[in-house]
Amino acid sequence: MAIACIRTRASCGVEAPEVTVEVHLSNGLPAFNLVGLPEASVKEARERVRSALINAGFEFPMRRITVNLAPADLPKQGGRYDLPIAIGILAASEQIPLNNLQHVEFVGELALSGHIRYCQGLLPAIIAAKRQDNSLVLPLDNRHDAELVGYDKVLFGTHLQSLAAYLQGQAPLPELDSAHLWLEDAARESAPCLSDVIGQYQAKQALEIAAAGNHNLLMLGPPGTGKTMLASRMMALLPPLTYEEALEVAAIHSVAGLDIKPQHFYKRPFRAPHHTSSAISLVGGGSFPRPGEISLAHRGVLFLDEVAEFPRKVLDCLREPMETGEVVISRAAAKLTFLSRFQLIAAMNPSPTGDIDSQHRATPEQIQRYLARLSGPFLDRFDLTIEVPKLPAGTLTQASAPSETSDAIANRVKQARERQLARAGVLNSELTGKQLKSVSGLSDADLVFLEQSVVKLGLSVRSFHRIQRVARTIADLEQAPNTERRHLAQALGYRAMDRLLARLSQQY
């Protein structure tokens, strides 16, 4: 009897738990049994491995072969187990030495010819192998994933013959050279400039505050006032990702099967799903759970245009991830967690007709019913809600002073974020109640003023803290050491939805 144990990695969301492939050759009628909770795609590995070994010039043992994928309670899916199963059979049948495999992990799908094929979503496996300081053999077509991590113990296989020659000490395998150096020289794409937007100075200021403190922003306005233009220029105000943040984003995109381009590695993601999107496409899920739009927007911006057209149940699914920064998907087979720390920018019309002043087309009751598509708890998650009104007559034709560029605003945003991180280790939108109390510097009189304002507007306790966070960001942009009443007053001015709802309630 012969037993071989080969290490590999499973795919569980953005995690890659270790899996041991145990191969046992025993006497009896020839058979190939695969156990350990394999899905249909893994069970098909029996035929792929058999043909790959024969066509690569190896002997396929005519014995009873039992392959166990441990741990047995972890679901296995995909073709990534082909290579470790083949290596285990070769080692158990003594066609390659077993003593060289103790600290080596294998991941890859096999072609019938013995070639090692590309596998989707291997970035988490590379990161996990690096943490444990294990060598990792990948398909050569996955070289790009290894370059992102920059792990020098990654080897690349192209065919079973060359891999067996390496394990027997006869020939080397391609290694990773100049790891992720191309990332440093990656050319940054130019983003649309905020100066392209005519007028809308209050909206531009709100966009700067939202970028500086990572606050959620809702824009109200008739069609054609520039809401979508403003949202698309948000990316030019945000600083690039750090390497650790970029690796988090890349791992999520890798699991989702999206390509990671070099020039986009440090760029924050911008996702703009259509209003017909389902809850699963937005939050994630499926039979084999995959990340949704909110996870693909991790460390970036999720833009919901015409947010009132989204089903209310779909929008309410965002409430918990917006608070916790992650989404937990539970299925019968597994419970997966995807990071989803995103910044929400939303735009909507103030009425079903598009304009709040068109009283002959929409009554206050109809407008209230339209705005009620957004639940109160969902609206509570927005730190700023602003009006984006129609431009005054003559604005488009009259010469105006040059508007401030995105680069100038981005520089202030960067400095404000650096002050926040140096002071509390997080951005203002992520401050806890205790942290907020210690960093705001508000006097007792100012807190009483804010509480009275919140009670008068009928706002929640959550809004009470969110207004303080916005005021703290305004103070950071002004480089003020403490939050003052004028900062609170300005933050209270960014409550357009509350004012609109109060006005409608008086009319109805």
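At least one donor-acceptor pair closer than 3.5 Å links the side chain of Arg290 to the backbone N or O of Ala256. No donor-acceptor distance shorter than 3.5 angstrom exists from the side chain of Glu309 to the backbone of His275, with no hydrogens or angles considered. Of the possible donor and acceptor atoms, one in the side chain of Arg312 sits under 3.5 Å from a partner among the backbone N and O of Ala372.
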Under 3.5 Å, side-chain donor or acceptor atoms of residues 447-457 against the rest of the protein: list the pairs with distances, not counting sequence neighbours.
{"unit_1": "Ser453", "atom_1": "OG", "unit_2": "Phe449", "atom_2": "O", "d": "2.9"}

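Salt-bridge formation is detected for the pair Arg423/Asp476: a Lys NZ or Arg NE/NH1/NH2 atom is positioned less than 4.0 Å from an Asp or Glu carboxylate oxygen. Under 4.0 Å is where a charged nitrogen must lie from a carboxylate oxygen, and between Glu109 and Arg80 no such pair does. Between Arg466 and Glu323, at least one side-chain N (NZ, or NE/NH1/NH2) sits under 4.0 Å from a carboxylate O, which counts as a salt bridge. The residues Lys313 and Asp316 are annotated as not salt-bridged, no charged nitrogen and carboxylate oxygen being separated by less than 4.0 angstrom. A salt bridge does not link Glu244 with Arg299: none of the charged nitrogens is closer than 4.0 Å to a carboxylate oxygen. Ion pair Asp141/Arg117 not flagged as a salt bridge, since none of the NZ, NE, NH1 or NH2 atoms sits closer than 4.0 Å to an Asp/Glu carboxylate oxygen.
Atom-to-atom distance recorded for Leu241:CG and Arg268:CZ is 4.5 Å, nearest 0.5 angstrom.
Within a 6.0 Å radius of NZ in Lys414, no more than 12 heavy atoms belonging to other residues, nucleotides or ligands are found. In this structure, Glu320 places its CD atom where only 12 or fewer heavy-atom neighbours from other residues, nucleotides or ligands lie under 6.0 Å away.
The only member of Arg412, Arg233, Lys204 that meets salt bridge (charged side-chain N to carboxylate O under 4.0 Å, His left out) when paired with Glu404 is Arg412.
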Exercise. Taking it one step at a time, do Lys76 and Tyr81 satisfy side chain to side chain contact (heavy atoms under 4.5 Å, CB included)?
Worked result: CA-CA 9 Å; Lys76 288 88 178 177; Tyr81 301 99; 3.2 Å; yes
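Shown here are the side chain to side chain donor-acceptor pair (under 3.5 Å) partners of His215, two or more places apart in sequence or in another chain: Asp383, Thr473.
Judged by distance alone, the side chains of Gln205 and Tyr201 never bring a donor and an acceptor atom under 3.5 Å apart.
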